[in-house]
S.K.: 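Input: one structure, supplied below.
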Amino acid sequence: MSTDLFKDLVSHSKEYGFIFPSSEVYDGLSGVYDYGPYGVELKNNIKTYWWRSMVQNHENIVGLDAAIMMHPKTWKASGHVDAFNDPLVDNKTSQKRYRADVLIEEGLEKIMAKAEKELEKARKRFGDEFDENKYKTENQRVADYIKQHDHLHGRFVTAMGKGDMPELKLIIEELEIADPVSGTRDWTEVRQFNLMFYTQLGNIAGEEGKLYLRPETAQGIFVNFLNVQKTTRQKLPFGIAQIGKAFRNEIIARQFIFRMREFEQMEMQYFIQPGTEMQWYNYWKETRMKWHLSLGTDPAKLRFHDHDNLAHYANAAVDVQFEFPFGFKELEGIHSRTDFDLSSHQELSGKKMQYFDPETNESYVPYVVETSIGLDRMFLAMMSNAYTEETVPDADGKDSTRIVLKFHPALAPVKCAILPLLKNNDDLTAMGRKIFDDLKFSFLCQYDEKDAIGRRYRRQDAIGTPFCVTVDHQSLEDQTVTIRERDTLKQDRIHISKIQGIVEEGISFRSLF
RNA sequence: GCGGGAGUAGCUCAGGGGUAGAGCAUUAGCUUCCCAAGCUAAGGGUCGUGGGUUCGAUUCCCAUCUCCCGCUCCA
């Protein structure tokens with residue numbers, strides 16, 4: 001799909017009530033979007049599919065809905081407080097953005113490399129008699145390098161601790177760091193981006209009242225690990241699943257709903273015996289890919305991507321990537337998180353986060369394999385996978401184009417439309433109404449009598465409705481209707497009593513498992 | 001933050017120093033027994049915001065805001 005088609009997809013999403021820009025009447029809010037009437041249906045259906053495949057289909061996976069607000073120490077333990085405060089600096093010439101701390105660390109390493117080079121020369125020169133410590137203090141050049149390094153390193157650590165951005169800028173200048181791309185030292189001010197949002201608990205001023213909005217749902221699972229394990233009498237391995245909002249103050253939120261500041265995750269933490277992590281990592285990798293494929297998603301648009309740089313909590317990580325209109329991007333992450341989180345919480349809280357294993361007769365902190373999928377990304381993946389412009393014959397048998405969302409029927413927002421062939425015929429409309437009133441208790445239906453029948457079909461195609469039931473004159477005689485299938489345009493004449501069964505079979509989640 | 005693009009009707013866009021247009025959509029009606037764009041009528045816009053030039057600005061100038069795309073990170 002080209003960029004133009006991506007634009008069309010964004011327009012279509014708005015025009016047909018899937019996604020609206022947030023606060024549009026006030027010119028919008030960057031990186032925040034609202035889900036419209038069809039959007040919320042699609043989103044809920046994705047959640048249902050995930051929840052059923054995780055919780056309902058696994059005896060050893062249970063659900064949880066933890067609060068968004070958590071004790072501040074949670075984020076200290078998780079590493080987010082330290083890892084999510086990036087000082088950033090831009091080079092004005094190359095317009096590249098860098099992490100100031102990374103630049104400085106590299107700069108400091110270069111100084112030490114210079115000193116090491118001198119030492120290496122000296123070692124060769126003096127051979128066995130070489131006294132390295134003595135040389136470090138007595139050789140002026142080496143001593144200067146070390147002194148400069150230690151001095152700047154000290155200032156660097158202090159500045160990072162205090163969040164002193166101007167000081168970081170000064171250090172960059174003193175280190176004479178040049179942009180590797182442009183070669184210039186044309187730097188902007190160093191700015192800090194705290195990737196966690198925070199709010200105030202009560203009216204207490206100062207640090208104590210500072211409360212973060214969770215940047216991931218996982219920590220709610222970890223801190224409830226023992227509560228859940230005990231109340232559900234689970235034995236290892238077992239999992240805890242959660243769907244919920246998370247918040248990240250992204251530097252730049254872009255690409256529609258792909259990267260949002262407020263987003264929703266579907267996470268499952270699988271608690272396992274240490275040493276079995278690779279086995280379960282592979283199991284979930286495979287299981288999750290099957291989950292994606294069973295929706296009928298084009299296999300060419302899905303792939304694994306191994307992480308080169310592992311996050312601070314992981315010892316193995318793979319992404320499930322989807323080919324979005326703007327390229328292959330991360331849709332879901334599967335991480336082997338070791339015992340990092342539970343151990344951290346155990347340490348910081350002073351509470352045991354251990355599992356007593358009756359088989360081995362010992363207690364230990366479980367290891368964790370996580371599957372974490374972005375719900376909004378899944379939504380976008382389903383939209384872009386479904387969005388199709390195609391040529392179909394019109395009333396005269398000529399070519400005409402239609403835009404159709406080819407969702408898996410289980411995900412489609414509206415399941416069935418009931419369409420009387422003519423509006424100005426009371427018998428037809430009354431019968432349509434009656435069918436609608438009967439079906440509406442089973443699944444989401446729409447009754448529509450406006451405009452020509454062809455146009456109504458196209459309207460339903462545009463929101464991805466898998467079935468259209470049309471009431472015509474023959475219906476009045478023998479209680480049959482036509483049922484039209486969205487993708488093939490094929491119509492069958494069936495008895496009214498069969499509609500519910502056919503639609504239910506088509507939209508069933510059962511076929512996905 | 002820097003660079004680029006763009007803000008005119010619900011959507012897609014045209015226009016142009018003299019007071020705003022099209023197609024689709026919406027509403028009402030007509031027509032039509034199965035795959036969009038048949039007929040009639042109606043509603044809907046302080047042309048992103050503020051300032052300047054001008055008799056007059058949606059149009060020209062300046063500023064500003066917002067959105068979109070690219071640059072680090074992640075679900």
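Note on naming: letters A, B, ... go to the chains in the order of the sequence lines (proteins, then strands), and numbering restarts at 1 for each one. A quick note: this is a predicted structure, and the numbers were derived from the prediction, not measured.
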S.K.: Measure the distance from CZ on A:R458 to P on B:rC11 and round it to the nearest whole Å.
M.R.: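 So the two atoms are 23 Å apart, to the nearest Å.
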S.K.: Would you kindly check whether a donor in the side chain of A:R259 faces an acceptor in the base of B:rC73, or vice versa, at under 3.5 angstrom?
M.R.: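 When only heavy-atom distances are counted, A:R259 does reach the base of B:rC73 through a donor-acceptor pair under 3.5 Å.
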S.K.: Counting side-chain heavy atoms from C-beta on, which of B:rC34, B:rA75, B:rC11 comes nearest to A:Q491?
M.R.: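 Of the candidates, B:rC34 comes closest.
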S.K.: Both distances under 3.5 Å, Watson-Crick or G-U wobble: report the partner of B:rC73, or none.
M.R.: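 B:rC73 is paired with nothing.
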S.K.: Provide the distance between the two C1' atoms, one in B:rU8 and one in B:rG15, to the nearest whole Å.
M.R.: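 Rounded to whole Å, the distance is 9 Å.
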S.K.: Base, sugar-phosphate, or nothing for A:F256, non-hydrogen atoms under 4.0 angstrom?
M.R.: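 Counting heavy atoms under 4.0 Å across all strands, the contact made by A:F256 is with sugar-phosphate only.
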S.K.: Could you tell me how far apart A:K423 (NZ) and B:rC33 (P) are, to the nearest whole angstrom?
M.R.: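 The answer, rounded to whole Å, is 15 Å.
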S.K.: In whole Å, what separates the P atom of B:rA36 from that of B:rG50?
M.R.: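 Going atom to atom, P in each nucleotide, I get 46 Å.
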S.K.: Does A:N424 make a side-chain N or O approach to OP1 or OP2 of B:rC30 shorter than 4.0 Å?
M.R.: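 Checking A:N424 against B:rC30: no side-chain N or O falls below 4.0 Å of OP1 or OP2.
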S.K.: Quickly work out the A:D8 CG to B:rC13 C1' distance and round it to whole Å.
M.R.: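 From A:D8 CG to B:rC13 C1': 13 Å.
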S.K.: State whether A:K14 places a side-chain N or O below 4.0 Å from either non-bridging phosphate oxygen (OP1 or OP2) of B:rC11.
M.R.: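 A:K14 to B:rC11 OP1/OP2: side-chain N or O found under 4.0 Å.
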S.K.: Considering every strand shown, what is the Watson-Crick or G-U wobble mate of B:rU53 when both distances are under 3.5 Å?
M.R.: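 B:rU53 is unpaired by these criteria.
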S.K.: When the distance from NZ of A:K245 to P of B:rA75 is rounded to whole Å, what number comes out?
M.R.: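 From A:K245 NZ to B:rA75 P: 18 Å.
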S.K.: Could you let me know what B:rG29 is paired to, Watson-Crick or G-U wobble, both distances under 3.5 Å, or none if it's on its own?
M.R.: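 Looking at the geometry, B:rG29 pairs with B:rC39.
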S.K.: What is the separation between atom CE on A:M431 and atom P on B:rC33, rounded to the nearest whole Å?
M.R.: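 Taking CE of A:M431 and P of B:rC33, I get 19 Å after rounding.
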S.K.: Does the side chain of A:T465 pick up a donor-acceptor pair with the side chain of A:Y38 at under 3.5 Å?
M.R.: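 Judged by distance alone, the side chains do not pair up.
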S.K.: With rounding to the closest Å, how many angstrom separate the C1' atoms on B:rC34 and B:rG43?
M.R.: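 Between the two C1' atoms, the distance is 32 Å.
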S.K.: Evaluate the side-chain proximity of A:H473 to A:N425: yes if any heavy-atom separation is below 4.5 Å, no if none is.
M.R.: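 Side-chain contact under 4.5 Å: yes.
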S.K.: Just compare B:rC34, B:rC67, B:rA36 and give me whichever is closest to any side-chain atom of A:Y33.
M.R.: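 Of B:rC34, B:rC67, B:rA36, B:rC67 is nearest to the side chain of A:Y33.
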S.K.: Could you tell me whether A:E332 contacts a base, only the sugar-phosphate backbone, or nothing, with contacts defined as non-hydrogen atoms closer than 4.0 Å?
M.R.: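 Since only primed, P, OP1 and OP2 atoms lie under 4.0 Å of A:E332, the category is sugar-phosphate.
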S.K.: Which listed nucleotide (B:rA75, B:rC35, B:rU27) is nearest to the side chain of A:Y457?
M.R.: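 My answer, after comparing the listed nucleotides, is B:rC35.
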S.K.: Show your reasoning for whether ring-ring contact (aromatic ring centres under 6.0 Å, His included) applies to A:H305 and A:F328.
M.R.: CA-CA 10 Å; A:H305 179 257; A:F328 270 103; 9.6 Å; no
S.K.: Using atom P in both nucleotides, what's the gap between B:rC39 and B:rG48 to the nearest angstrom?
M.R.: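 One P to the other, the span is 32 Å.
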S.K.: Using a cut-off of 4.0 Å on non-hydrogen atoms, how would the nucleic acid contact of A:T470 be classed: base, sugar-phosphate, or nothing?
M.R.: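 Answer is base: heavy atoms of A:T470 come under 4.0 Å of a base.
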S.K.: Taking atom C1' in both B:rC30 and B:rG17, what distance in whole Å separates the two?
M.R.: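 Each nucleotide's C1' atom is 44 Å from the other's.
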S.K.: More than 12 foreign heavy atoms under 6.0 Å from NZ of A:K406: is that the case here?
M.R.: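 For A:K406, atom NZ is crowded (more than 12 foreign heavy atoms under 6.0 Å).
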S.K.: Just checking A:Y283 against A:Y270, ring centres under 6.0 Å apart?
M.R.: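 Centroid distance A:Y283-A:Y270: not below 6.0 Å, so no.
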S.K.: For B:rC34, give the paired nucleotide (Watson-Crick: N1-N3 plus N6-O4 or O6-N4; G-U: N1-O2 and O6-N3; both under 3.5 Å), or none.
M.R.: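 Pairing partner: none.
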S.K.: Rounded off to whole Å, could you give me the CG-to-C1' distance for the A:L422 and B:rC30 pair?
M.R.: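 The distance from CG of A:L422 to C1' of B:rC30 comes to 13 Å, rounded to the nearest Å.
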S.K.: In this structure, are over 12 heavy atoms from other groups packed under 6.0 Å from A:E174 atom CD?
M.R.: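 Yes, CD of A:E174 has more than 12 neighbouring heavy atoms, counting only those of other groups under 6.0 Å.
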S.K.: Need one value for A:L489: base, sugar-phosphate or nothing, where a base atom within 4.0 Å counts as base even if backbone is also close, heavy atoms only.
M.R.: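 Base, at least one base atom sits under 4.0 Å.
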S.K.: Mark yes or no for a side-chain to base donor-acceptor pair under 3.5 Å between A:S11 and B:rC11, with no hydrogen or angle criteria applied.
M.R.: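 Check fails, no donor-acceptor contact within cut-off.
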S.K.: Tell which nucleotide pairs with B:rG23, taking only Watson-Crick or G-U wobble pairs whose two distances are both under 3.5 angstrom.
M.R.: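 Result: B:rC11.
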S.K.: Are OP1 or OP2 of B:rU26 and a side-chain N or O of A:R459 less than 4.0 angstrom apart?
M.R.: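 Yes, A:R459 has a side-chain N/O under 4.0 Å of OP1/OP2 on B:rU26.
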S.K.: Categorize A:M378 for me: base, sugar-phosphate, or nothing, with a 4.0 angstrom heavy-atom threshold over every strand shown.
M.R.: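 The answer is nothing, as A:M378 stays clear of every strand by at least 4.0 Å.
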S.K.: Can you measure A:F258 atom CZ to B:rU72 atom P for me and round it to whole angstrom units?
M.R.: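 Going from CZ in A:F258 over to P in B:rU72 covers 13 Å.
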S.K.: For the P atoms, the ones on B:rC13 and on B:rA9, what distance do you get once it is rounded to whole angstrom?
M.R.: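 One P to the other, the span is 11 Å.
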S.K.: For the side chain of A:I453, counting heavy atoms from C-beta on, which of B:rA75, B:rU27, B:rC34 is nearest?
M.R.: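 Between B:rA75, B:rU27, B:rC34, the one nearest the side chain of A:I453 would be B:rC34.
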S.K.: If we take the C1' atom in both B:rG45 and B:rU26, what is their distance in whole Å?
M.R.: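 Between the two C1' atoms, the distance is 15 Å.
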S.K.: Considering every strand and a 4.0 Å limit on heavy-atom distances, what is the contact class for A:L428: base, sugar-phosphate, or nothing?
M.R.: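 Nothing: the residue A:L428, judged by heavy atoms under 4.0 Å, touches no strand.
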S.K.: Does the gap between the ring centers of A:F256 and A:F258 come in under 6.0 Å?
M.R.: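 Between A:F258 and A:F256, which both carry aromatic rings, the centre distance is not below 6.0 Å.
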S.K.: Between B:rA28, B:rC11, B:rA75, which nucleotide has the shortest distance from any of its atoms to the side chain of A:F263?
M.R.: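 Among B:rA28, B:rC11, B:rA75, the one nearest the side chain of A:F263 is B:rA75.
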S.K.: Would you kindly give the CG-to-P distance between A:D451 and B:rU31, to the nearest whole Å?
M.R.: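 That distance rounds to 15 Å.
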S.K.: Answer yes or no for A:K329 and A:F324: cation-pi contact, defined as NZ/CZ to six-membered ring centre under 6.0 Å and angle to ring axis within 45°.
M.R.: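 Here A:K329 fails the 6.0 Å and 45° test against A:F324.
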S.K.: P atom, B:rC35 versus B:rG29: distance in rounded Å?
M.R.: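 Pairwise P distance, B:rC35 against B:rG29, rounds to 25 Å.
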S.K.: Would you indicate whether A:K47, at its atom NZ, is surrounded by more than 12 heavy atoms from other residues, nucleotides or ligands within a distance under 6.0 Å?
M.R.: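 Buried by this count: over 12 neighbours within 6.0 Å.
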S.K.: Only pairs with both distances under 3.5 Å count, Watson-Crick or wobble alike; so what is the partner of B:rA6 in this structure?
M.R.: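 Across any shown strand, B:rA6 pairs with B:rU66.
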S.K.: Test for a donor-acceptor pair under 3.5 Å between the base of B:rC34 and the side chain of A:R484, counting only N and O atoms.
M.R.: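 Counting by modelled atom types and ignoring angles, no donor-acceptor contact under 3.5 Å is found here.
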S.K.: Return the pairing partner of B:rG44 with a 3.5 Å limit on both distances, Watson-Crick or G-U wobble; otherwise return none.
M.R.: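 B:rG44 is unpaired by these criteria.
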S.K.: Answer with base, sugar-phosphate or nothing: what part of the nucleic acid does A:K490 contact at a heavy-atom distance below 4.0 Å?
M.R.: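 The answer is nothing, as A:K490 stays clear of every strand by at least 4.0 Å.
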